[in-house]
Novice: 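Dropping a structure here in structure tokens format, bear with me for questions.
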Amino acid sequence: MTNIPPLDLKRQYQAIGADVSAAVLEVLASGAYIGGSVVQSFEQQFANYVGTTDCIGCNSGTDALYLALRAMKIGAGDEVITTPFTFIATAETISEVGATPVFVDIDPTTYNLDLQQLAAAITPRTKAVMPVHLFGNPLDMTELMSIATQHNIIVIEDCAQATGAKWNGKQVGSIGHFGCFSFFPTKNLGACGDGGAVTVNDAALAADLRMYREHGSRQRYYHEAIGVNSRLDAIQAAVLQVKLQHLDTWNQQRSVVAARYQKLLANVPNIITPQPTPGGESVWNQYTIRVVAPEGVDAASHRDAVRAKLMEAGVISMIYYPLPLHLQAVYQHLNLPNGSYPVTEIVSNQVLSLPMFPEITPEEQQRVVYALKDAIL
Ligand SMILES: *Cc1c(COP(=O)(O)O)cnc(C)c1O
């Protein structure tokens with residue numbers, strides 16, 4: 001029996017590869033590889049999709065976060081609040097601009113920032129909050145915006161895992177001041193390489209983001225700030241233009257896959273299945289369960305053993321994320337020892353992401369579930 005991968009981009013390519021290849025060949029023949037009409041038209045299409053006035057393409061989701069921070073002139077002496085249960089890029093960009101990441105623990109059911117603890121973490125130095133719509137599941141943006149408005153802080157949404165997700169009927173990335181997207185191949189809208197974008201509803205901010213993206217320059221060879229070179233390649237824009245047309249269908253298929261898992265796993269003991277935020281529409285970048293260890297057994301070792309047994313059965317699962325950010329070597333200087341964020345610490349020792357992609361078949365899902373039951377019982 002063949003392995004069931006966490007995701008299978010080859011199946012996607014089999015379905016739409018001819019269109020993707022044609023679009024790439026057109027760019028190759030055009031001779032315009034940096035900027036140009038393909039990048040511009042993708043930016044406009046993506047802004048339309050998200051529901052913002054502007055979209056600024058860039059080199060990665062990481063750069064999208066970085067550019068948003070730069071556009072707000074956030075730097076040394078400033079604090080930015082975020083979650084410790086996310087990919088390193090979220091906090092890394094805060095550090096990169098010279099600001100300090102301030103972590104707030106996660107909600108035990110959604111694994112997103114715990115909004116009940118947010119206000120208490122805001123200080124006179126807090127300039128922004130960077131929520132993550134983790135695993136594709138949107139955060140309660142109504143509550144977040146109300147806290148942010150009350151304290152006059154900027155909201156930079158990390159939408160890397162949530163392209164197409166909605167809160168209260170509105171696309172994520174259109175509600176905060178900035179929406180930051182990643183087009184890394186494993187994201188819901190993935191390029192064939194790196195890529196990212198920032199969405200905003202403010203022409204002046206859009207112009208500033210473009211300035212920082214292009215070496216701090218508004219007019220070529222005239223530089224007003226230290227910027228970066230972070231452009232979206234024309235080839236990637238062409239790929240994304242083709243794929244954007246399929247995004248809603250793929251996200252719909254992901255939600256069918258998630259519903260099937262929910263049903264198959266409903267009565268399985270010793271696991272906790274995902275619970276999407278009420279009022280949100282998740283796009284299921286991951287289907288992440290928690291494996292609960294028997295009394296007296298170390299949580300992470302138990303989870304790792306379950307993962308190993310799944311592997312033996314040909315089911316490849318993933319751990320997002322095994323070590324919370326406050327416990328990473330790079331953040332030792334923040335002095336946030338084990339115990340600082342108890343919910344994050346418990347959850348990170350239990351999480352296991354099952355194979356999730358639009359093309360996974362019901363038979364494969366059945367195999368995943370049989371293997372999981374075998375592994376945990
Ligand atoms: C993938 C990801 C990023 C970074 O995106 P890249 O395009 O890989 O730079 C940032 N935040 C989160 C939550 C992510 O999952």
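Both ligands and their constituent atoms are indexed starting at 1 by order of listing.
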Novice: Quick check on Gln116: does its CD atom have over 12 non-hydrogen neighbours (other residues, nucleotides or ligands) under 6.0 Å away?
Specialist: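 Open.
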Novice: Under a 4.0 angstrom heavy-atom cut-off, which atoms of ligand 1 come close to Val132?
Specialist: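 The atoms of ligand 1 under 4.0 Å from a heavy atom of Val132 are 13 (C).
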Novice: In terms of atom number and element, which parts of ligand 1 are under 4.0 angstrom from non-hydrogen atoms of Ala160?
Specialist: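 Per the distance check, 2 (C), 3 (C), 10 (C), 11 (N), 12 (C), 14 (C), 15 (O).
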Novice: Measure the acute angle between the ring planes of His333 and Tyr331, then classify it against the limits of 30° and 60° as parallel, tilted or perpendicular.
Specialist: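 Plane angle between 30° and 60°, so tilted.
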Novice: Relative to the heavy atoms of Gly61, which atoms of ligand 1 are at a distance of less than 4.0 Å?
Specialist: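 By the 4.0 Å cutoff, the relevant atoms are 5 (O), 6 (P), 7 (O), 9 (O).
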Novice: Answer yes or no: does atom CZ of Arg11 have more than 12 heavy-atom neighbours from other residues, nucleotides or ligands under 6.0 Å?
Specialist: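 Yes.
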Novice: Any nitrogen or oxygen of Asp194, side chain or backbone, less than 3.5 Å from one on ligand 1?
Specialist: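 The answer is no, given that Asp194 and ligand 1 share no N or O pair closer than 3.5 Å.
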Novice: Check this for me - ligand 1, Thr86, N or O atoms closer than 3.5 angstrom, yes or no?
Specialist: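 No, since none of the N or O atoms of Thr86 sits under 3.5 Å from an N or O of ligand 1.
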Novice: Could you find the nearest protein heavy atom to atom 11 (N) of ligand 1 and give me its residue, atom name and distance?
Specialist: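 Its nearest protein heavy-atom neighbour is Asp158 OD2, 2.8 Å.
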Novice: Considering only NZ, NE, NH1 and NH2 on the basic side and carboxylate oxygens on the acidic side, decide whether Glu214 and Arg231 come within less than 4.0 Å.
Specialist: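 Result for this pair is yes, salt bridge flagged.
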Novice: Taking only heavy atoms of Ser60, which atoms of ligand 1 are found under 4.0 Å from at least one of them?
Specialist: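 In order of numbering, the contacting atoms are 7 (O), 9 (O).
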Novice: Under 4.0 Å between a side-chain nitrogen and a carboxylate oxygen: does that hold for Asp208 and Arg213?
Specialist: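 Judged by the 4.0 Å cut-off on N to carboxylate O distance, Asp208 and Arg213 do not form a salt bridge.
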Novice: Using a strict 4.0 Å cut-off to heavy atoms of Ala89, name the atoms of ligand 1 that fall inside it.
Specialist: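 Selected atoms, number and element: 4 (C), 10 (C).
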Novice: Once rounded to the nearest 0.5 Å, what's the spacing between atom CZ of Arg210 and atom SG of Cys58?
Specialist: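 Atom-to-atom, Arg210:CZ and Cys58:SG are 11.5 Å apart.
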Novice: Among protein heavy atoms, which sits nearest to atom 9 (O) of ligand 1, and what does the distance come to when rounded to 0.1 Å?
Specialist: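 It is Thr62 OG1, 2.5 Å.
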Novice: Provide, to 0.1 Å, the distance between atom 14 (C) of ligand 1 and the closest protein heavy atom, together with that atom's residue and name.
Specialist: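 So the nearest neighbour among protein heavy atoms is Lys187 NZ, 3.0 Å.
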Novice: Report yes if Phe183 has an N/O atom closer than 3.5 Å to an N/O atom of ligand 1; otherwise report no.
Specialist: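 Checking ligand 1 against Phe183, no N or O pair falls under 3.5 Å apart.
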Novice: Could you grab the distance from atom CG of Asp63 to atom CG of Leu209, nearest 0.5 Å is fine?
Specialist: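 The CG atom of Asp63 sits 12.0 Å away from the CG atom of Leu209.
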Novice: Taking only heavy atoms of Thr90, which atoms of ligand 1 are found under 4.0 Å from at least one of them?
Specialist: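 Ligand 1 atoms under the 4.0 Å threshold to Thr90: 11 (N).
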Novice: With rounding to the nearest 0.5 Å, note down the distance linking CD in Gln350 to CZ in Arg303.
Specialist: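 Nearest 0.5 Å value for the CD-CZ distance: 8.5 Å.
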